[in-house]
Amino acid sequence: MASLSLRGIYKKYPGGVVAVSDVNLEIRDKEFIILVGPSGCGKSTTLRMIAGLEEISEGELYIGDRLVNDIAPKDRDIAMVFQNYALYPHMTVFENMAFGLKLRKVPKDEIARKVEEAARILDLTHLLDRKPKAMSGGQRQRVALGRAIVRSPKVFLLDEPLSNLDAKLRAQMRTEISKLHKKLGTTFIYVTHDQTEAMTMGDRIVVMKDGFVQQIDTPQALYENPVNKFVAGFLGSPQMNFIDAVLKKNENRQYYVEFGSEDSKTARGVKYQIIIPESKCVADLEKYVDREVTLGVRPESVHDEEMYLSNATTGIIDCNVEITEMMGAETFLYLECQGIPITARVSPRSTARPQDEIKVAIDPNRIHLFDKETERTIVN
């Protein structure tokens, strides 16, 4: 098995285009790591540099203790699973899975053993004689995984392997790939733009934007302690609410954020205040007093239940309900407060309906504050 080390990796194209900038990443042996970010952020380019399909412009890539910058892809002991499966249409499942081994002149009986073992792991045994056109998208994706498994590589690279599948199959395949990782005990590097895949599958997540790594951490740590507004907004569905506010300090020396407008006609001209709990008062806060900041609130921290409203001492705001989405186990409320859009994730028992005027309570213990200019996190 293998660890990987990316040290100051750059990818520069002719004309001065820099696709990936200064990526430093240590991937542990047997780790499941996810590269996530919007289209064009450099995640697939990074994966292709690891595979050897793209040349590294600058920096060093180690697989185990071996520097592999100039090593051909076939000699790196990695296997790649592509978004479009890349199966040979004229070959059966067995032949597709065996093809790479045949090229390496592996004995026939060993090929048969490896293919049958991979087919058993992936529940493909009954499909070995079929051709790809007679199979579903999920089955084809499992064949593509099987073709990688039979080679027993040190590292698996998966480039958006589920993006061509429907939602139900995607959820099912997420589980299958996670199980597969545990069964094989191999290093997995997985690229996706889907933050749900990232949050549910990875041991650690690398969040990328515009070719730069924004943050590397566990899913929970990224969700609760994002380093900037981009990471906070990218992870979580529905995404975090962002509200323009001003940080202030009252006569009791308590910090609070204030938003809203006194001359607004939409909510009776109220300025809303949320007192920041002492546990969140970092030393840096003082320099932001009387300055504009961005208040971040996750939808699950906006409550319409009477229990929260009656116990709240701060952060109660008036809203108009614009849309409600019943999701079965939860309800999403799309609200408007003085022109500010706010999404709340509430209990399915919520009685709020479109056009209602309601009060909601923002949990002050769960707020985030971001620097208005740099978008760096001030408070998590």
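Just so it is clear, the structure is predicted and the values come from calculations on it, not from any experiment.
Salt-bridge check for K372 with D244: passed, with a basic side-chain N closer than 4.0 Å to an acidic carboxylate O.
The backbone N or O of P132 sits less than 3.5 Å from a side-chain atom of R140, completing a donor-acceptor pair. Looking only at distances, a side-chain donor or acceptor of N241 sits under 3.5 Å from a matching main-chain atom of V297. Remark: the backbone N or O of F32 is paired with a side-chain donor or acceptor of D203 at under 3.5 angstrom. Under the 3.5 Å distance criterion, the side-chain polar atoms of R76 are matched with a main-chain donor or acceptor of I50.
Within the cation-pi definition used here (under 6.0 Å to the ring centroid, within 45° of the axis), R147 does not qualify as a partner of Y85. Taking the ring centre of F234 as origin, the terminal cationic atom of K209 falls outside the region bounded by 6.0 Å and 45° from the ring axis.
I367 contributes atom CD1, which lies 10.5 Å from atom CD1 of I275 (distance to the nearest 0.5 angstrom).
There is no side-chain donor-acceptor pair under 3.5 Å between N228 and E375. Using modelled atom types, one finds a donor on one side chain and an acceptor on the other under 3.5 Å when comparing E224 with Q220. Judged by distance alone, the side chains of E54 and Y13 do bring a donor and an acceptor atom under 3.5 Å apart.
Follow the hydrophobic side-chain contacts under 4.5 Å out from L127 and you reach L165 in the same cluster. In this structure, Y255 is a member of the same hydrophobic cluster as V257, with clusters built from ILVMFWY side-chain heavy atoms closer than 4.5 Å.
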Original post:
Yes or no on side chain to side chain contact (heavy atoms under 4.5 Å, CB included) for L333 and I358, after CA distance, side-chain angles and deciding distance?
Top reply: CA-CA 11 Å; L333 303 181; I358 65 169; 4.2 Å; yes
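Atom OH of Y308 is surrounded by 12 or fewer heavy atoms from other residues, nucleotides or ligands within 6.0 Å.
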